[in-house]
There are 2 protein chains.
Amino acid sequence: MHPPTVEDVARAAGVSRQTVSNVLNAPQRVRPETRQRVEAAIEQLGYRPNRVAQSLRAATSRMIGYRIEPMHPHALGSMHDRLLHALAEAGRAADHHLLLFTADDPLDEVANADALHRAGAIDGVVLYGIQSADPRPAGLRQLRIPFAAFGRTGADDAHPWVDIDNTAGTAAAVDHLVTREHRRIAFLGYPEGVAVGDRRADGWRTALDKHGLLDGSRHLDLRGEDSLATGARLAEALLDHHTPPTAVVAATDTLAAGVLRTVRQRHARLAVVGFDDTPTAGALDLSSVRQPIEAVGHAMIRALLGPGGNEPAGQLLAPELIVRASSALP
Amino acid sequence: MHPPTVEDVARAAGVSRQTVSNVLNAPQRVRPETRQRVEAAIEQLGYRPNRVAQSLRAATSRMIGYRIEPMHPHALGSMHDRLLHALAEAGRAADHHLLLFTADDPLDEVANADALHRAGAIDGVVLYGIQSADPRPAGLRQLRIPFAAFGRTGADDAHPWVDIDNTAGTAAAVDHLVTREHRRIAFLGYPEGVAVGDRRADGWRTALDKHGLLDGSRHLDLRGEDSLATGARLAEALLDHHTPPTAVVAATDTLAAGVLRTVRQRHARLAVVGFDDTPTAGALDLSSVRQPIEAVGHAMIRALLGPGGNEPAGQLLAPELIVRASSALP
DNA sequence: TTGTAGGCGTTATCAC
DNA sequence: GTGATAACGCCTACAA
């Protein structure tokens, strides 16, 4: 009734346990004839190696911890879902699985990861939503828990991380809008001090400067919390300006959606480009900078498990601008 | 350097391994004096029982499998996130964790769950997104893999399930709108044949009938795919009717958001109630029927792990109407 | 090429 | 009340 073990397979194939183990882990060491007999027995009994026993023996769980957060109340649909799927998919290829755990805050996350790690339940951890002054990297490093982070802190990160090139993303948005003959291009972003937000603002500023348009647009830089209401409100402010912009680069789709709301209400003309390419962007026909989350997932898993064992190297991935109707000519 | 084991604790406390084990698993069997000494050693060494060894010994992984799907392309932000968090939280209380895996389709999901189960990596599975004729329950039952399902198939389900009372949800929406003096109340839903959609339509129909309003509204029943565009289009159709409704009950927030778009574009007056209470509902000031996902998570874990071992009992949970500005007087 | 022995960390059983 | 023994299923030496 219980699942078959190596023992059962061995008996069925008329060999010893070890030979079965060899067939699985060092096939070249076993005579083809014997191997086929063993393989037939494995097939017939439906044998699968017990991962728990493997883990105990190898002192390796092949599990990666991930803190699942309650959904961000304002976000239109975070990257969470996509990242989780990408990580699970990438992990599968490396024969690892994700183990979900909860935590009240970043410090609690480190504590819970430590407990799981010491209990042998996870080999390492993947960090999401890295903040400028994030306590988690230092905490995990001190506890010697392998990890990889999606995103960077403000400082130079001396641990494995993967990030998308936020600066390049907003720069691409600006380039695109310039091609479409826009000359006054605003930016809507996070309050200063949020690393991601600052990088996205940088891309906008740098690209405008490159096109010689910064002087005419420098004042069109508005910040606020990441919500639809804020996007709508800031858009009003932009449109009420005496030299209003003809286009806006928003730091998130949520802000961009707010802009679109105002634009429609006021029947204004204002091109918009968002960031993240959330499902909503498609629904609203919103041009948006898409993060290559699948690639991020693979890079994270590689950084965590890869050769050299969790080396402190960073990797920057290029986002891609998805052009839709919202970024038309002025 | 390696984490301490019972052996280490035993040595430190001057007792045998067994006594340490007893302190942890049968404290009453050990003399208080000895217990305190052992507990001190545990504390001092920072000992944590190795879960892998426990699993091997107990033939129980304390892991629950969950298939992570790529995000639904049209959804505004699915229940996925919330459910995952709720399950993780509920699992934690029962000392279980979620293990994420991927699959190409429902059959593949069953196959992968089977592989993990046979490998001893998971004790059971939680099913999400149950369809009318879902092959998973039968498949898992045949493989004797414990599971609990969120949602019901069309037939009477002979397995553990948890569902929210969809019928009661839309009925509550209708009641609310009637209280607000609406008399012609439309329904926007999934195409017939989708179990969830049919139940939500039922609630609308039944409640209207109860209020004696069904005859005047029977024709105001429109169906389509779950997308913003569909919601907007169907709203146009409703408003163009020669006796247009003054209110709409939508089967999802996505459809409801589409309705709101049309309403705003046409400056029409039309009360709207959505379903799911997604983050977007809050942003749009949309009244919506909220699913008690946290309770669902707990009920699922209980159904899966509870006493009696995965008994085929169902549980229906009541949703709650969240009233916001979109359901004002006509 | 194949088999034998031992141990990963835990706990249940059964003596003492 | 405490401790020795054995077993969960696997794998890695080492011996034959």
Would you say Asp156(B) has more than 12 foreign heavy atoms packed within less than 6.0 Å of its CG? no

What do you reckon, is CD of Gln28(A) surrounded by more than 12 foreign heavy atoms closer than 6.0 Å? yes

Would one find a side-chain N or O of Thr19(A) under 4.0 angstrom from OP1 or OP2 of dG3(C)? yes

Nucleic acid contacts - residues 45-61 of chain B versus DNA chain D, non-hydrogen atoms under 4.0 Å: Leu56(B), Arg57(B)

Between Arg62(B) and Gln54(B), is any side-chain donor less than 3.5 angstrom from a side-chain acceptor? yes

Please check if atom CZ in Arg29(A) has more than 12 non-hydrogen atoms from other residues, nucleotides or ligands closer than 6.0 Å. no

In residues 31-42 of chain B, which residues come under 4.0 Å of DNA chain D by heavy atom? Arg31(B), Thr34(B)

To the nearest 10 degrees, what angle separates the axes at the start and end of the helix from dT1(C)-dA16(D) to dC16(C)-dG1(D), five pairs each? 50°

Can a side chain N or O of Thr5(B) be found less than 4.0 Å away from OP1 or OP2 on dG9(C)? no

Which class fits the ring pair His80(B) and Tyr66(B): parallel under 30°, tilted 30 to 60°, perpendicular over 60°? perpendicular

Under 4.0 Å from OP1 or OP2 of dC11(D): is there any side-chain N or O of Ser21(A) that close? yes

Side chain to side chain contact (heavy atoms under 4.5 Å, CB included) with His96(B): of Asp123(B), Ile122(B), Leu304(B), only one passes, and it is Asp123(B)

